[in-house]
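Every chain is numbered from 1 and lettered A, B, ... according to where its sequence line falls, protein lines coming before strand lines.
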Amino acid sequence: MAQIIRIENIADHVGETVTLQGWLYRKTGKGKLQFLQIRDGSGQIQGVMFKPNLPEEIFAAGKRLTQESSIIVTGTVKAEPRAKGIPAGYELDVSDLEIVQIADEYPITPKEHGVDFLMEHRHLWIRSRKQWATLRIRATIMRAIRDWLDGEGYVEMSTPIFTPAAGEGTTTLFEVDYFGEPIYLAQTGQLYNEANIFAFGKVYAFGPTFRAEKSKTRRHMTEFWMVEPETAYQDLDGLMDMEERFVSYIVQRVLKERRAELEVLERDTSALERVVPPFPRVSYDEAFEKLQEIRANSDDPELKDLLALEWGDDFGSPHETELTKLYDRPIFVYGFPTAAKAFYMEPWPGRPEVCKSVDMLAPEGYGEITGGSERISDPELLLERIKHDKLPEAAFKWYLDLRKYGSVPHSGFGLGVERTVAWICGIHHVRETNPFPRTLGRVYP
RNA sequence: UCCUCGGUAGCUCAAUUGGCAGAGCGAGCGGCUGUUAACCGCUUGGUUGUAGGUUCGAGUCCUACCCGAGGAGCCA
């Protein structure tokens, strides 16, 4: 054995003899030549075995290898411009091969498979190139999220996952038995973060969140990750400024650090290069007009039906999709009708029928990736809204307290990690952006 | 909950009017010095989602159910 290295560092070892610990991803034999596609979790490289250059038993060991067999391979690193590995441009001239285990017949072949089969084998599917690339990018996105917020002076706060039923609408909450009492898995940490900002000024929560929605679409999961920054002394305009800087940083960071993975995914990176501030800001009223226009000009009766909308309705995904088609970068839609939004959102000055809410819609049909608002800071108005929505006042006592002891304008948003990963990776369905997705009707594996 | 489509070999799919259940891939064996979804030859492969019905005969037609996919609704 030589020095053990990881494939992602292969460029530092050209001309050296090194050892790789990994798995056989694929093999092609050609008589006296064998090509082993080796992966070690950090990358992929082709190992070349030429019979006349090797002891007979080593070459024979190569022939025995099955897909996903675990192997320890020693060889000389060569620069080879035509090699397609990850990173590209390197090859390993194999001199020794140790078999750790000959893998059983592996169910996932290089050919095509259906969604159900792949989801049933998710524990193995994550080894495949595109899944591997997606999940590496996910990790980078999660790191970029923390790096940007930490760099801006935000303090990470853990908010509870066990929560009392703060309001109505428990139909979308997962109920848990808490020593005989029903409690619920958190849908958001926002209300707690509104308490946290009065102690720390700028905070964020980052973790899993749970929604018992019976949604079976490519953008829904019952368990997903969300980052929720909340900022004191920040109004709606300040919120949009912050969001566009934040999201641009994440995208540019992925472009910088995960080129090889984006290439595996065949992602059009020019669409990502354009993600720099400022993002277009479209009011609900303007968006409403645009959608009416698109609907009027459409020849497709089905689309006309899907786009039917009255002022005051929240947008569905068909509306978001049509709207984002008009732009080549993320957009903000702000000023939604108050009736369609949550009780805590600050009303628009002089126009109480709309509120200081904002969604960010990703381009290329990906739709909503963030939702946020400026929060009500006036205690009397907040109480009025709680009563208007017939929410249990007692449960919000602590929340109302926040408006009594040094209340300030403040705002925040939630960004859905899986939807963001899907957009940046150019992946159709959010289920591929989480290693073990929980969706309606599937919790295995 | 509603709409649409589907369920046949380990996988992806085919099977004409109701008439012998097939192909490719995978796997196994052999061949090949530049493959990378390799290629060539041979071998291996079936409770047609479940239950019932019609029929001389059902993968195909009928009924009910189960499961999956896409979408809608729903979704701070």
Side-chain angles (χ1 to χ4, degrees), chain A residues 25-38 44-53 59 63-64 66-67 80 82-86 88 91 93 103-121 128-129 166-169 171-173 186-191 194 209-222 224 226 228 302-303 305-308 313-321 336 338-345 355 357-359 367-368 370-373 375 385 389 391 412-414 416 419 428-429 431 439-442:
Chain A
Y25 186 63
R26 197 173 296 164
K27 181 178 74 170
T28 52
K30 204 168 185 328
K32 295 190 176 67
L33 258 182
Q34 291 188 81
F35 301 99
L36 313 180
Q37 307 303 329
I38 303 156
Q44 193 184 325
I45 192 170
Q46 173 164 276
V48 182
M49 300 179 83
F50 185 39
K51 194 173 185 181
N53 296 349
F59 190 81
K63 293 199 93 166
R64 287 174 55 216
T66 56
Q67 189 182 355
E80 167 55 70
R82 291 169 300 177
K84 285 181 179 173
I86 311 167
E91 217 171 56
D93 201 0
D104 279 359
E105 186 178 332
Y106 192 66
I108 300 177
T109 68
K111 296 283 181 170
E112 58 184 329
H113 298 285
V115 172
D116 188 39
F117 177 82
L118 289 169
M119 289 309 300
E120 196 69 14
H121 295 84
S128 299
R129 276 165 60 100
E168 289 171 304
T171 49
T172 64
L173 293 168
Q187 284 189 323
T188 170
Q190 182 206 314
L191 302 187
E194 287 187 65
T209 183
F210 307 88
R211 298 199 180 172
E213 294 163 10
K214 300 216 166 160
S215 300
K216 219 180 79 171
T217 77
R218 63 195 170 94
R219 58 181 67 180
H220 285 90
M221 296 198 299
T222 51
F224 63 96
M226 187 157 72
E228 296 178 284
E302 199 180 340
L303 186 65
D305 191 42
L306 282 172
L307 291 181
D313 291 344
D314 205 353
F315 295 155
S317 51
H319 307 105
E320 290 177 359
T321 303
F336 285 89
T338 307
K341 290 290 176 180
F343 72 94
Y344 50 72
M345 295 188 180
C355 61
S357 55
V358 61
D359 286 353
E368 182 180 349
T370 81
S373 66
R375 326 300 191 187
R385 293 304 315 274
D389 280 15
L391 299 172
F413 68 95
R419 288 182 179 181
H428 180 71
H429 201 298
R431 65 182 160 223
T439 53
L440 183 68
R442 181 181 290 284

Polar pair under 3.5 Å, donor/acceptor by atom type, side chain A/Q34, base B/U35: no

What's the closest nucleotide to the A/T217 side chain, out of B/A72, B/U36, B/U33? B/A72

Have a look at A/S373 and say if it touches a base, only the backbone sugar-phosphate, or nothing, with a 4.0 Å heavy-atom cut-off. nothing

Name the closest nucleotide to the A/F117 side chain, picking from B/G68, B/U33, B/U12. B/U12

Using a heavy-atom cut-off of under 4.0 Å over every strand shown, decide if A/Y344 touches base, sugar-phosphate, or nothing. base

Under 4.0 angstrom between A/H429 side-chain N/O and B/G70 OP1 or OP2: yes

Nucleotide of B/U33, B/U35, B/C75 approaching A/K32 most closely (side-chain heavy atoms): B/U33

Closer than 4.0 Å, any side-chain N/O of A/R431 to the OP1 or OP2 of B/G70? yes

Go through B/C74, B/U33, B/U35 for me and flag the one nearest to the A/P52 side chain. B/U33

When you compare the side chain of A/H319 with that of A/D313, does any pair of heavy atoms fall below 4.5 Å? no

Can you tell me if A/R375 and A/S373 form a side-chain donor-acceptor pair at under 3.5 Å? yes

Base, sugar-phosphate, or nothing for A/E91, non-hydrogen atoms under 4.0 angstrom? base

If I pick the P atom on B/U48 and the same atom on B/U4, what distance separates them, to the nearest angstrom? 28 Å

Among A/Q46, A/K84, A/R26, which one satisfies side-chain hydrogen bond (donor to acceptor under 3.5 Å, both in side chains) with A/Q37? A/Q46

Could you work out which one of B/A38, B/G70, B/C74 sits closest to the side chain of A/H220? B/C74

Salt-bridge present (A/R82, A/E91; N to O < 4.0 Å): no

With heavy atoms under 4.0 Å as the rule, sort A/Q67 into base, sugar-phosphate or nothing. nothing

Of the nucleotides B/C11, B/G34, B/A72, which has the atom closest to the A/L306 side chain? B/A72

Does B/A15 pair with anything, Watson-Crick or G-U wobble, both distances under 3.5 Å, and if so, with which nucleotide? none

When all nucleic acid strands are considered with a 4.0 Å heavy-atom cut-off, which category describes A/K30: base, sugar-phosphate, or nothing? base

Testing the 3.5 Å rule here: is there a donor-acceptor pair between the side chains of A/Y344 and A/Q190? yes

Counting side-chain heavy atoms from C-beta on, which of B/C11, B/A27, B/U36 comes nearest to A/E105? B/A27

Just checking A/G414: base, sugar-phosphate only, or nothing, at a heavy-atom cut-off of under 4.0 Å? nothing

Checking only heavy atoms, does the side chain of A/K216 share a donor-acceptor pair with the base of B/A72 at less than 3.5 Å? no

Side chain A/S215 and base B/C74 donor-acceptor under 3.5 Å: yes

Under 4.0 angstrom, heavy atoms only, what part of the nucleic acid is A/R82 near: base, sugar-phosphate, or nothing? nothing

G-U wobble or Watson-Crick pairing nucleotide for B/A27 (cut-off 3.5 Å, both distances): B/U43

Between B/U35, B/C11, B/U33, spot the one nearest the side chain of A/F35, thanks. B/U35

Using a heavy-atom cut-off of under 4.0 Å over every strand shown, decide if A/H121 touches base, sugar-phosphate, or nothing. nothing

Using purine N1 to pyrimidine N3 plus N6-O4 or O6-N4 for Watson-Crick, or N1-O2 and O6-N3 for G-U wobble, both under 3.5 Å, which nucleotide pairs with B/G70? B/C3

Counting side-chain heavy atoms from CB outward, which of B/G71, B/U33, B/U36 is closest to A/L33? B/U33

Out of B/G28, B/G34, B/A72, which nucleotide sits closest to the side chain of A/V48? B/G34

